[in-house]
There are 2 protein chains.
Amino acid sequence: MKKTPRARQRNALSREQIIQTAITILDDLGEAGLTFQALARSLATGAGAIYWHVENKDDLLIAACDVVIERALDANVGLTPEEEICSIGLGIFDALDLHPWMGSVLSHAAGSMPTIRIIERIGNQVRALNVVEEWSVVSALLSYIVGVAAQNAANAQFALRKGLNRSKFLGEIATLWAALDPDQFPFTSSIASKLPGHDDRADFVAGIRLLVGAIRRGVDDAS
Amino acid sequence: MKKTPRARQRNALSREQIIQTAITILDDLGEAGLTFQALARSLATGAGAIYWHVENKDDLLIAACDVVIERALDANVGLTPEEEICSIGLGIFDALDLHPWMGSVLSHAAGSMPTIRIIERIGNQVRALNVVEEWSVVSALLSYIVGVAAQNAANAQFALRKGLNRSKFLGEIATLWAALDPDQFPFTSSIASKLPGHDDRADFVAGIRLLVGAIRRGVDDAS
DNA sequence: TCCAATTATGGAATGATGTTCCATAGCGCA
DNA sequence: TGCGCTATGGAACATCATTCCATAATTGGA
């Protein structure tokens, strides 16, 4: 037996501890706030020591993302497949809203753990719907959910970096859009006023329902 | 009159020239390849000079993105609104596939020019459909199109960075997924084999058609 | 035509970051 | 007690974006 992971140092530095600390820093200071120096300071150690437990920054970010995603997905059961898919989507939307740094991580984490977890949850519900092209449907739902949630998170992150709250941020964009040349950008300039009061979360669910409804209809048509 | 933008230096350094060179570098070397040093070398100047024409790297990236998006959107006319929306989506999908670096730029460019251009094009078509909740619909389409296209581009970028071509990359992920514990990840492990042969572009259009169809149906139901 | 102001340049400095290196400390085991 | 493995932490390194600054080119006015 070579593998005896018993107590090592006095104050053991563990991968889990590193990931948790990273999440705290990311939540508090945003994506740019997580540096190996800051992380080392928080953990009262040096940057080099962290690399013993973590491959590199990407590895750390994906691991952090995975922890949060796992938590976000463990709730909701006993609903219809359609409602469950909405619930999964909302769970991810809210998680990204709370942890905006996850957006860019999820985008660069193709095929890795956090994505797999989401696919698995959606996939099981889609399978329960007896769809023919399972993977196409799951792929579309995954892309929509992650894509929209990430977009929303990016706005939050952007607002945070500029020290504005969400509504101030949307107000600034609205002002910008309202000032556009109405001849060149008739639609965008006309829609500007509706931007601040807009409920992104509600539209997000509406989009999922649209997709799920269309899928359901496809199944019904075939039968 | 203070503003006389006539010929300045012998070999004038212009914003347009900088942006074009940046696009070339981004296409050739990927996102990480664009540094101010590399850009200065290509332009036979110093890094400092570039800052006279460009605010910072984000500004440059957004401007580069805008040029490509503008080109990608200037085609197609004379179709039905539904088909035009599909066509716009495909234009963006293909542009991101050809220029994978645009994915992360578009995600961080909320409310700025490239996004405005897309919204404008989609918005005009949606308006032609006489939808009640215009902005909600446009918002959903925008998110889906940019989200899915960016996700696809991220895969391409990731594959590029690992020196693999697209199918080798998908094959690697498929192997990874196939090796998952079937008890813990029944869906993902079962779907692994279908990953490499999968046509993302076709599914992308299918998703748009699903959304557009649902919107259309909503309009018909109301009338 | 010459001069001062403005516009523009390019290369050197700055500061921050991810990552690697390395001397050494803690710990289990013989 | 000493050998070897696991860990540690801080210094060193290379790379960037960005800022600074001395100075060149150009222009508009006297």
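Source: prediction; values computed, not measured. In what follows, chains carry the letters A, B, and so on, assigned in the order in which the sequence lines appear, proteins first and then strands, with residues in each chain numbered from 1.
If you take CD1 on A/Ile116 and CZ on A/Arg121, they are separated by 15.5 Å, rounding to the nearest 0.5 Å. Going from atom CD1 of B/Ile145 over to atom CD1 of B/Ile119 covers 11.0 Å, rounded to the nearest 0.5 Å.
Note: CZ (A/Arg15) to P (D/dT6) measures 17 Å, nearest angstrom. Atom CG in B/Leu13 sits about 8 Å away from atom C1' in C/dT9, given to the nearest Å. In this structure, the CH2 atom of B/Trp52 is 6 Å from the C1' atom of C/dT7, given to the nearest Å. A straight line from CG of A/Leu43 to P of D/dG10 spans 13 Å, rounded to a whole angstrom. Distance, A/Leu29 CG to C/dA16 C1': 16 Å, rounded to whole Å.
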Polar atoms only, N or O, under 3.5 Å: list the protein pairs with nucleotides 15-22 of chain D and their distances.
| from | atom 1 | to | atom 2 | distance (Å) |
| --- | --- | --- | --- | --- |
| D/dA17 | OP1 | B/Lys57 | NZ | 2.3 |
| D/dA17 | OP2 | B/Phe36 | N | 2.9 |
| D/dT18 | OP2 | B/Tyr51 | OH | 3.0 |
| D/dT18 | OP2 | B/Lys57 | N | 2.9 |
| D/dT18 | O5' | B/Tyr51 | OH | 3.3 |

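Side-chain nitrogen and oxygen atoms of B/His53 include at least one within less than 4.0 Å of the OP1 or OP2 phosphate oxygen of C/dT9.
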Query raised in the report: Passes side-chain hydrogen bond (donor to acceptor under 3.5 Å, both in side chains), B/Asn124 versus B/Glu120? Steps please.
Result: CA-CA 6 Å; B/Asn124 285 320; B/Glu120 185 61 31; 3.2 Å; yes
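Within the 4.5 Å cutoff, the side chain of B/Arg117 has heavy atoms near those of the B/Asp66 side chain. Residues A/Asp199 and A/Phe204 are not in side-chain contact: their nearest non-hydrogen atoms beyond the backbone lie 4.5 Å or more apart.
Listed by chain and residue number, nothing satisfies the side chain to side chain contact (heavy atoms under 4.5 Å, CB included) test with A/Leu176 (two or more places apart in sequence, or in another chain).
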